[in-house]
Student: 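Have a look at the structure that comes next, please.
Computation of the quantities below employed the complete heavy-atom set of this structure, encompassing side-chain atoms and omitting hydrogens, waters and symmetry-equivalent molecules. Residue numbering restarts at 1 for every chain, and letters A, B, ... go by the order of the sequence lines.
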Number of protein chains: 2
Amino acid sequence: MGVALWRQIADRIRLGISNGDYDATGMVPPETALAAEFGVNRHTVRSALAALAEEGLVRAVQGRGTLIERKERVSYPISRRTRFSAGLGRQVKEIGTELLGHGQVPASGEIAAALDVSPGTPLIELRTVSSGDGRPLSTAISYYPADRFPRMAEQYARLGSVTKAFAAHGLDDYVRVSTEIVARHAEAEELALLKLSPGAIVMEAQSLNADLDGRPVEYSRTRFAADRMKLRIET
Amino acid sequence: MGVALWRQIADRIRLGISNGDYDATGMVPPETALAAEFGVNRHTVRSALAALAEEGLVRAVQGRGTLIERKERVSYPISRRTRFSAGLGRQVKEIGTELLGHGQVPASGEIAAALDVSPGTPLIELRTVSSGDGRPLSTAISYYPADRFPRMAEQYARLGSVTKAFAAHGLDDYVRVSTEIVARHAEAEELALLKLSPGAIVMEAQSLNADLDGRPVEYSRTRFAADRMKLRIET
DNA sequence: TATAGTTGTCTAGATCAATAGACATTTTGG
DNA sequence: CCAAAATGTCTATTGATCTAGACAACTATA
């Protein structure tokens, strides 16, 4: 209830594709067969397939059938040495990062606690979107202590990498201290940034990075498009 | 499109609650205020609140308002020494595990590769549901090499713990080798097992455990109810 | 005890989702 | 070339969702 039948059917077909049920033919079964399998009208199946085509997961060809344009989920590694670009390296040909905006904000309770600073301490805030081969994969809001990394925004904009921006401030190495992952429905802003359709899912990772002395250097909230990414924990 | 408006509104209110937007009063704003805020009819807001009440997240009291029954997400730790019960210890008073069924199956391609056995090798399969304080939290399908752990099902049923069932086979310690996490809409079976409503989200963790010599001992697919759990990565 | 503010219930109409059926258009293979 | 099989398009009908409005029932407070 509350979720249109065609969307539920779309979810089941998507699952079947990702399970490899149709690998033998590389095509989804005919609309009439799917309608029979799911016990719904052919038009309902067509709505579902139209949604999947919109996602780029399948492509219908009149007279032939509906071809699967397999898109593997990109695997994002999470380890003590998590670096965005490095981990995605071979899975996508081209990585794009866009700086949506930046600013200086006072540390609020939760973030202040994570970064181990007093509430109100000035922080640099970066908002970014990252994509692989043109598909948006994740969007992040990151916070850095402004006294230690005053030119974070400029350096990130220039270098296109947090690791390099840290290096420009004299920080050569840092490690992941903790990561918390929740999954939820995407908000309106996330739908727009990640080019998702309503009802889509994001995985939100709240992570804390620290230098080798254990001093926190970055707190970030990264939202991953759940149908395009999987997270790989390396312990 | 494809997701009823009242369900989208419910998602936004749920998010507001988990963000602590209404902590000052402990109540959701009046229905008329919410209707104005979201630009929908009051009846639509009422449908959304009814759904949240069904989840147990809020409770409406005529004449007063709609009270928030805050339920924090249970944090599930993932580390080299991931043990289900131990990690949840202090967050829930009572942990329940139910063995739904078990059997012996031949190893299929993907699972055989993970467990480093030839396809067709007999495996013990366990299907379980775990809950905290009566609320279902996760459901899992686990596979164990049948030659090494022949009485896995019986021992698990008797001892209620994978760690103890391993110990009964002479395996005293094991570690998490890898974990992959995806998030997706729950399937019909998962909706039933975890007592979720349509459109709900599950986080699926595919994990591999090995003994201290590096030999794989368990491959499992655990699906967590996303609105009741968060995953905490400890590196 | 009024009164304002809140949730609960009912009716009616407008819009969207799903079913049903018919037929056109395109591809494939005998 | 023809027939089978597949997707594309159109019309019509039914049921669910959303809007709109009015009023009842209950709670807290002045």
Student: Report the distance from atom CZ of B/Arg59 to atom P of C/dT6, rounded to the nearest whole Å.
Tutor: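 Taking CZ of B/Arg59 and P of C/dT6, I get 18 Å after rounding.
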
Student: Can you see which heavy atom on B/Arg176 is nearest to which on B/Ser207, and at what distance?
Tutor: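 Minimum heavy-atom separation between B/Arg176 and B/Ser207: NH1-CB, 3.2 Å.
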
Student: Please enumerate all residues that pass side chain to side chain donor-acceptor pair (under 3.5 Å) together with B/Arg221, with sequence neighbours excluded.
Tutor: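 Partners of B/Arg221 under the side chain to side chain donor-acceptor pair (under 3.5 Å) test: B/Glu204.
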
Student: Among residues 37-56 of chain B, which ones have heavy-atom contacts with DNA chain C below 4.0 Å?
Tutor: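 Heavy-atom cutoff 4.0 Å gives B/Arg42, B/His43, B/Arg46.
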
Student: With a 4.0 Å cutoff (strictly under), does any side-chain N or O of A/Thr66 reach OP1 or OP2 of D/dT7?
Tutor: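 Yes, because at least one side-chain N or O of A/Thr66 sits under 4.0 Å from OP1 or OP2 of D/dT7.
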
Student: What is the distance, rounded to the nearest whole Å, between atom CD of A/Glu31 and atom P of C/dG21?
Tutor: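 Taking CD of A/Glu31 and P of C/dG21, I get 17 Å after rounding.
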
Student: So A/Arg14 and A/Leu57, do their side chains get closer than 4.5 Å, heavy atoms only?
Tutor: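 A side-chain contact under 4.5 Å exists here.
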
Student: Charged N to carboxylate O below 4.0 Å: is that the case for B/Glu31 and B/Arg46?
Tutor: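 So B/Glu31 pairs with B/Arg46 through a salt bridge.
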
Student: How bent is the helix from C/dT1-D/dA30 to C/dG30-D/dC1, measuring the angle between the end axes built from five pairs each, rounded to 10°?
Tutor: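 Comparing the axis at each end, I get an angle of 30°.
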
Student: Heavy atom of residues 3-21 of chain A under 4.0 Å from DNA chain C: which residues?
Tutor: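 A/Ala4, A/Leu5, A/Trp6, in order of number.
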
Student: Give a yes or no on whether the backbone of B/Val3 and the side-chain of B/Gln8 come within a donor-acceptor separation of less than 3.5 Å.
Tutor: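 Judged by distance alone, yes, a pair lies under 3.5 Å.
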
Student: State, yes or no, whether a side-chain contact exists between B/Ile17 and B/Val28 at a heavy-atom distance under 4.5 Å.
Tutor: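 They are in side-chain contact.
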
Student: Closer than 4.0 angstrom, basic N to acidic O: yes or no for A/Glu190 and A/Arg184?
Tutor: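 Result for this pair is yes, salt bridge flagged.
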
Student: Just how far, in rounded Å, is P of D/dA6 from CG of A/Leu34?
Tutor: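 The distance from CG of A/Leu34 to P of D/dA6 comes to 11 Å, rounded to the nearest Å.
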
Student: Count the heavy atoms belonging to other residues, nucleotides or ligands that lie under 6.0 Å from CD of B/Glu54, then report whether that count exceeds 12.
Tutor: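 Open: at most 12 neighbouring heavy atoms sit under 6.0 Å from CD of B/Glu54.
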
Student: Mind jotting down which residue pairs meet the ring pair (Phe, Tyr, Trp, His ring centres under 6.0 Å) criterion with at least one end in residues 24-76 of chain A? Sequence neighbours excluded, please.
Tutor: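 For residues 24-76 of chain A, and leaving out neighbouring residues, the ring pair (Phe, Tyr, Trp, His ring centres under 6.0 Å) pairs sorted by first residue read A/Tyr76-A/Phe84, A/Tyr76-A/Phe224.
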
Student: Reading nucleotides 24-30 of chain D from the 5' end, what letters show protein touch, with B for base, S for backbone sugar-phosphate only, - for no heavy atom under 4.0 Å?
Tutor: -BBSS--

